[in-house]
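Note sheet for the following structure.
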Amino acid sequence: MEPDWEGPLGEAYARAMTYLEGLPERPVGAWATADELRAKLGGRLPEVPVDPVQTISQLADAVEGGLVATGSARFFGFVIGGATPASLAADWLATVWDQNAGLYAAAPAAAVVEEIAAGWLVELFGLPAQTSVGFVTGGQMANFTGLAAARYDVLRKAGWDVEADGLIGAPRVRVLVGAERHGTVDRALRFLGLGTRCIVPVAVDGQGRMRPDALERELGQGPTIVCAQAGNVNTGAIDPLDEICELAGDAWVHVDGAFGLWSAVGTPINGLAKADSWATDAHKWLNVPYDSGLVFCAHPAAHRAAMGVRASYLIHDEDQRDPLDYNPEFSRRARGIAVYAAIRALGRQGIVELVDRCCAMAQRFAARLNEYEVLNDVVLNQVLVRFGDDDLTKRVVKAVQQEGTAWMSGTTWQGRAAMRISVSNWTTAEADVDRSVEAIRRCVEIEQARSTQG
Ligand SMILES: *Cc1c(COP(=O)(O)O)cnc(C)c1O
């Protein structure tokens, strides 16, 4: 059969351009209801073929109202970030090339692209030179992989081979982690069979940073993992890593730096390189399309012991890096290609500027919203704003989401409702912040008026 690439890819290109060029003015939130989406997308199971061009154009029409413009300069929800043109284009090509990036033998270019990007990343973050890298789906799997290497290593030191013998009968592993950790840490520990009861919560300060004095009290004997954080999801605060690593001694220190790690490119984080493993996301602050997480391990042998795999039918070239030795996946897309292109196109300078600009925009938000209550020290790209009380704050968050100029989510910080503003898009400029602040003010006024009427 003669394939027609031109038709569907041409349609996809045209749709992509309409979408991307429309980002500055389209409502940031979705407007279709779930029922509307189901009505447009649903129907009986297709029994007969449909023309591919029509398939693509119908799909694009049907999802339109259900798309959240996460690539918009005024999307400030969840530290999501957009995509830079180079990373997006490279991601398209990665899909076109359709490489199985598990093995060097099956995908030499993909393996070498990742090897090169890995080296650049280690240098950008200032990690130890021998650090191994895995290109995983996101922060969740980066935490999982880093903690898997940790589990292997702390148990090995206790005389237990977890990879062979599993956890039944193994010495108990304690995981000391800040009370303000990200939920993916708990989930990774569940996946690893350690369970959430292995967690020893460590007290945090007013910004959510792990307190070294509290850590010191909890450190004990036996296999221990300390899980620190660079970039609290609410406040953006970074744990005192230098003190944590010093206190931890023989314990394995894993750093969840899903977005905060990127700040280390321009402003070194004291003690960062003393940790044993690190997790971050390329799909957040580096503005690479989903899915793209990164795990780093200062002990490649532990990384490989936890993840590596050999099978009779696989071809391993001992001189080459097989990506599957560093990933929980076996077959997978060559997601490192977009990371490579992002770094190449931005350069170190561009990454520093991108991060600094986002932080400056967060400062601008905090300054312009200071007639309300800013709950956190704005040290990075996160701003928590409260409007009077919990009820008004929640209503304002909802009203802003529906109004369409901007989109931010809500959170609860130390028992109080807040609007959570995360600036992580490479295109966000001062005018976007100002327009968003105006939208917030209008929503506050409307909601306040409704309160006094009600
Ligand atoms: C986003 C985030 C994660 C999870 O990352 P995913 O890419 O969503 O899997 C973990 N930790 C922190 C601190 C985060 O901000």
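Order of appearance sets the numbers: ligands from 1, and atoms from 1 within every ligand.
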Requested in this report: Apply the test side-chain contact (heavy atoms from CB on, under 4.5 Å) to residues Val185 and Asp256: give CA-CA distance (whole Å), side-chain angles for both, the deciding distance (0.1 Å), then the verdict.
Outcome: CA-CA 8 Å; Val185 171; Asp256 175 4; 4.1 Å; yes

Query raised in the report: For atom NZ of Lys40, is the number of surrounding heavy atoms from other residues, nucleotides or ligands below 6.0 Å larger than 12?
Result: no

Report task. Answer yes or no: are there more than 12 heavy-atom neighbours, outside Asp250 itself, under 6.0 Å from its atom CG? Result -> no

Requested in this report: Verify, without hydrogens or angle tests, whether Ser292 (side chain) and Val288 (backbone) share a donor-acceptor contact under 3.5 angstrom.
Outcome: no

Report task. Could you tell me whether the side chain of Gln140 and the main chain of Thr184 form a donor-acceptor pair under 3.5 Å? Result -> yes

Do any nitrogen or oxygen atoms of ligand 1 lie under 3.5 Å from a protein nitrogen or oxygen, and which ones?
unit_1   : atom_1 : unit_2 : atom_2 : d
ligand 1 : 5 (O)  : Gly139 : N      : 3.3
ligand 1 : 5 (O)  : Asp281 : OD2    : 3.2
ligand 1 : 7 (O)  : Gly139 : N      : 2.7
ligand 1 : 7 (O)  : Asp281 : OD1    : 3.0
ligand 1 : 7 (O)  : Asp281 : OD2    : 2.7
ligand 1 : 7 (O)  : His283 : NE2    : 2.8
ligand 1 : 9 (O)  : Gly139 : N      : 3.1
ligand 1 : 9 (O)  : Gln140 : N      : 2.7
ligand 1 : 11 (N) : Asp256 : OD1    : 3.1
ligand 1 : 11 (N) : Asp256 : OD2    : 2.7
ligand 1 : 15 (O) : Lys284 : NZ     : 2.9

Report task. Can you tell me which residue pairs pass the salt bridge (Lys or Arg N to Asp or Glu O under 4.0 Å) test with a partner in residues 120-141, sequence neighbours excluded? Result -> Glu123-Arg348

